[in-house]
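The structure appears right after this line, and notes come after that.
All residue numbers in this chain count up from 1 along the given sequence. A quick note: this is a predicted structure, and the numbers were derived from the prediction, not measured.
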Amino acid sequence: MESFKEGILQVVSKIKSSVLLDTKELDSIIRELQRALLKADVEVKLVLEISERIKKRFLEEEHPPGFSKKDVLIKILYDELVNLLGGETTEELAIKPIPYKIMLVGIEGSGKTTTAGKIANYFKKKGYRVGLVAADTYRPGAYDQLKMLAESVGVMFYGDPQERDAVSLAKKGIETLEKAGAQIIIIDTAGRHKDENSLMEEVKVLYRELKPNSVFLVVDATQGSAVARQARAFREAVPYGYVVVSKMDGSAKGGGALSAVAASNARVLFIGVGEKIDDLEPFVPRKFVARLLGMPDLDAILQRFAEFSKYEKERAKAIAAGKITLLDLKEQLESIKKLGPLSKIAEMMGLQVKVTGEEEMSVDRWINIMNSMTMEELLNPDIIDSSRIRRIARGSGVTPRDVRQLLDAYKNMKKMVKQLSRSRRVGLPPFS
Ligand SMILES: Nc1nc2c(ncn2[C@@H]2O[C@H](COP(=O)(O)OP(=O)(O)O)[C@@H](O)[C@H]2O)c(=O)[nH]1
Ligand SMILES: [Mg+2]
């Protein structure tokens with residue numbers, strides 16, 4: 001059975017081994033991605049949406065300078081997978097007020113009782129005093145199962161194998177554990193009744209009577225996109241805020257379960273990754289996808305994109321403020337260069353000026369010098385002091401004097417533009 005990760009790794013290796021990354025190659029990469037997502041049981045509608053968006057973004061968005069096509073596609077794939085699996089979520093569950101009551105719901109076999117033990121363990125390790133309440137009065141053995149988990153984790157426990165009424169049991173449990181000093185109280189509930197209606201009815205009453213601070217829906221990753229139906233059914237009974245997806249280990253359908261939860265606008269808080277008590281991980285889509293892509297250099301690529309977008313914002317600010325930066329000068333010179341040598345351009349324009357070899361050289365040299373500057377320096381030339389000038393000169397193989405000459409030319413240009421705009425302002429006709 002191919003895991004979700006293996007499928008995505010195929011996509012990454014296809015991107016890495018592409019040659020031109022033209023539309024033909026892009027299509028074949030997208031098909032590979034679709035195959036991996038469908039195998040993971042991601043809903044067809046979501047698969048088509050993500051494919052369209054990746055394709056559109058790659059073909060239509062401007063590729064930032066200095067990034068290869070592969071980098072750009074990897075970044076878009078990363079963004080869109082994060083989006084598919086829950087988006088940018090970083091905030092942690094706030095344990096307030098104390099005692100904090102967490103009620104677990106979900107159908108039988110979804111992993112509730114195991115998850116109750118794992119969560120108790122998780123918060124105990126964070127320094128909380130935790131108590132577990134066995135409120136599954138239906139399943140024989142549910143009491144023993146949770147009691148054993150509580151003992152192995154070393155947290156408080158309340159249960160009563162004789163009690164049939166889940167509500168009064170849970171109320172008593174909460175009261176008892178609160179008196180005993182529990183700061184977090186986790187209530188395990190039943191997942192099966194005579195029928196679905198009576199289960200939902202019990203969940204509703206429990207919610208109303210216990211007033212938990214948080215409800216976690218537990219779903220089973222091996223169910224893939226079918227968890228969407230559970231998410232909807234429980235949503236009608238109880239306003240759960242968080243979902244735990246259990247059995248992510250070894251399930252090829254984990255991606256389908258995660259994307260179905262994300263599409264239902266609930267947030268996956270934890271994933272279960274094994275049967276042992278420590279096999280629980282906070283779920284952060286960004287980190288999950290980074291691991292999925294299995295690229296040691298992904299961080300570096302993302303870092304470069306983040307830096308670039310920071311400068312993009314700075315640049316937009318400079319433009320809005322009417323500021324002319326060295327980056328503008330650089331781009332101007334580069335676009336002039338594209339037309340051909342200066343002498344040729346002058347000739348084409350019918351200009352009677354004679355472009356000397358010296359002037360021809362200096363355009364090249366200036367571009368070369370500016371290539372040795374950082375984006376920060378290009379956008380804020382004022383920060384270029386003599387030690388930076390020495391570094392830039394070394395990097396571009398010129399003398400510090402050459403760098404100063406360029407900076408002087410830039411300052412003159414700035415002054416001219418200022419005068420120009422001032423004289424234009426003065427020359428404006430008065431408002432009538
Ligand atoms: N591999 C694996 N098995 C799990 C995980 N969570 C729960 N299980 C197993 O799933 C089965 C049902 O779990 P249980 O907690 O009793 O589900 P409940 O009926 O919802 O309370 C048990 O055999 C658990 O050991 C998980 O994250 N990974
Ligand atoms: Mg159970």
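- Ion pairing between E281 and R291 holds under the 4.0 Å rule for side-chain N and carboxylate O.
- With sequence neighbours left out, D382 forms a side-chain contact (heavy atoms from CB on, under 4.5 Å) with K414.
- Using a 4.0 Å cut-off between a side-chain N of Lys or Arg and a carboxylate O of Asp or Glu, D27 and K55 qualify as a salt bridge.
- Looking at S264, its side chain never comes within 3.5 Å of a backbone N or O of A228 through a donor-acceptor pair.
- Of all non-hydrogen atoms in V245 and A257, the two that sit nearest each other are CG1-CB, 4.1 Å.
- Each side-chain hydrogen bond (donor to acceptor under 3.5 Å, both in side chains) pair with one or both residues in residues 269-279, not counting sequence neighbours, appears once here: N121-D278, K125-D278.
- Listed by first and then second residue, the side-chain hydrogen bond (donor to acceptor under 3.5 Å, both in side chains) pairs involving residues 16-26 amount to none (not counting sequence neighbours).
- Proximity of a side-chain donor or acceptor of S259 to a complementary backbone N or O of L85 within less than 3.5 Å is not detected.
- Listed by chain and residue number, Q303 satisfy the side-chain contact (heavy atoms from CB on, under 4.5 Å) test with E307 (two or more places apart in sequence, or in another chain).
- When every heavy atom of A36 is checked against every heavy atom of F4, the shortest pair comes out as O-CD1, 4.4 Å.
- Across every non-hydrogen atom of D41 and S225, the tightest pair is OD2-N, 2.7 Å.
- When the salt bridge (Lys or Arg N to Asp or Glu O under 4.0 Å) test is applied to E377, the partners found at least two apart in sequence or on another chain are R388, R391.
- Residues Y207 and V215 form a side-chain contact, since some pair of their non-hydrogen atoms from C-beta on lies under 4.5 Å apart.
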For residues 394-403, which side-chain donor-acceptor pairs fall under 3.5 Å, sequence neighbours excluded?
{"residue": "S396", "atom": "OG", "partner": "I392", "partner atom": "O", "Å": "2.8"}
{"residue": "T399", "atom": "OG1", "partner": "R401", "partner atom": "N", "Å": "3.4"}
{"residue": "T399", "atom": "OG1", "partner": "D402", "partner atom": "N", "Å": "3.3"}
{"residue": "T399", "atom": "OG1", "partner": "D402", "partner atom": "OD2", "Å": "3.0"}
{"residue": "D402", "atom": "OD2", "partner": "T399", "partner atom": "N", "Å": "3.1"}

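- Cation-pi geometry between R235 and Y240 is satisfied (NZ or CZ under 6.0 Å from the ring centre, within 45° of the ring normal).
- Inter-residue side-chain proximity for L77 and L293 is flagged as met; some heavy-atom pair is nearer than 4.5 Å.
- A 4.5 Å side-chain heavy-atom check between Y138 and R192 finds every atom pair outside the cut-off.
- In this structure, I383 CD1 and T374 OG1 are separated by 5.5 Å, a value rounded to the nearest 0.5 Å.
- F58 and H63 have tilted rings, their planes meeting at an angle from 30° to 60° on a 0 to 90° scale.
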N/O donor to acceptor pairs below 3.5 angstrom from side-chain atoms of residues 93-103, sequence neighbours left out:
{"residue": "Y100", "atom": "OH", "partner": "S214", "partner atom": "OG", "Å": "3.3"}
{"residue": "K101", "atom": "NZ", "partner": "L210", "partner atom": "O", "Å": "3.0"}
{"residue": "K101", "atom": "NZ", "partner": "K211", "partner atom": "O", "Å": "3.4"}

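- Under the 4.0 Å criterion applied to side-chain N and carboxylate O atoms, R57 and D79 are assigned as salt-bridge partners.
- Listed for the K313 side chain is no donor-acceptor partner under 3.5 Å among the backbone atoms of F308.
- Atoms NZ and CG, from K317 and L379 in turn, are 10.5 Å apart once rounded to the nearest 0.5 Å.
- Just one residue in the list K253, K247, Q230 forms a side-chain hydrogen bond (donor to acceptor under 3.5 Å, both in side chains) with D220, and that residue is K247.
- Between I76 and V72 there is a side-chain heavy-atom pair separated by less than 4.5 Å.
- Between I187 and I174, the shortest heavy-atom distance links the atoms CD1-CD1, 3.9 Å.
- A donor-acceptor pair under 3.5 Å is formed between the side chain of D249 and the backbone N or O of G274.
- Within the 4.5 Å cutoff, the side chain of V261 has no heavy atoms near those of the R267 side chain.
- Residue pairs meeting the ring-ring contact (aromatic ring centres under 6.0 Å, His included) criterion with at least one partner in residues 263-285, sequence neighbours excluded, are Y122-F270, F283-F288.
- Of the possible donor and acceptor atoms, one in the side chain of K69 sits under 3.5 Å from a partner among the backbone N and O of L20.
- Pairing each heavy atom of L132 with each of A116, the nearest pair is CD2-O, 3.6 Å.
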Exercise. Test salt bridge (charged side-chain N to carboxylate O under 4.0 Å, His left out) on R232 and E236 and set out the steps.
Key: CA-CA 7 Å; R232 276 194 301 272; E236 276 170 29; over 6 Å; no
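- Of the inter-residue distances, the one linking I324 atom CD1 with K415 atom NZ reads 13.5 Å to the nearest 0.5 angstrom.
- Side chain of K112 to backbone of I107: a donor-acceptor contact under 3.5 angstrom is found.
- Remark: of the listed residues L104, L146, T189, I185, I185 is the sole one forming a side-chain contact (heavy atoms from CB on, under 4.5 Å) with V133.
- Proximity of T325 to L378: side-chain heavy atoms (C-beta onward) are nowhere separated by under 4.5 Å.
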Self-check item: Derivation and outcome, side chain to side chain donor-acceptor pair (under 3.5 Å), residues T113 and D188
Solution: CA-CA 6 Å; T113 306; D188 184 26; 2.7 Å; yes
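- Every residue two or more places apart in sequence or in another chain that forms a side chain to side chain donor-acceptor pair (under 3.5 Å) with E32 is listed here: R35.
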Quiz item: Would K14 and S28 count as a side chain to side chain donor-acceptor pair (under 3.5 Å) if you check the C-alpha gap in whole Å, the side-chain angles of each, and the deciding distance to 0.1 Å?
Solution: CA-CA 9 Å; K14 208 155 182 156; S28 130; 3.2 Å; yes
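- Around the CD atom of E209, the shell of radius 6.0 Å holds more than 12 heavy atoms that belong to other residues, nucleotides or ligands.
- Looking at heavy atoms from C-beta onward, L73 lies out of side-chain contact with F67 at the 4.5 angstrom threshold.
- Between the side chain of Q183 and the backbone N or O of R129, at least one donor-acceptor pair lies under 3.5 Å.
- The shortest non-hydrogen separation linking R139 to G109 is NH1-N, 4.5 Å.
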Exercise. I would like to know whether E314 and N380 meet side chain to side chain donor-acceptor pair (under 3.5 Å); could you show each step before the answer?
Key: CA-CA 9 Å; E314 249 179 67; N380 304 296; 3.2 Å; yes
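- S51 pairs by the side-chain contact (heavy atoms from CB on, under 4.5 Å) definition with I30, Q34, V47, not counting sequence neighbours.
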Self-check item: Criterion salt bridge (charged side-chain N to carboxylate O under 4.0 Å, His left out) on R229 and E196, from CA distance to verdict
Solution: CA-CA 13 Å; R229 205 192 77 78; E196 191 177 301; 3.2 Å; yes
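- Not counting sequence neighbours, E52 has no partner by the side-chain contact (heavy atoms from CB on, under 4.5 Å) test.
- For the atom pair L37 CG and L81 CG, the distance stands at 6.5 Å (nearest 0.5 Å).
- Considering only residues two or more places apart in sequence or on other chains, Q145 meets the side chain to side chain donor-acceptor pair (under 3.5 Å) condition with none of them.
- Within the 4.5 Å cutoff, no side-chain heavy atoms of D71 are placed close to those of K75.
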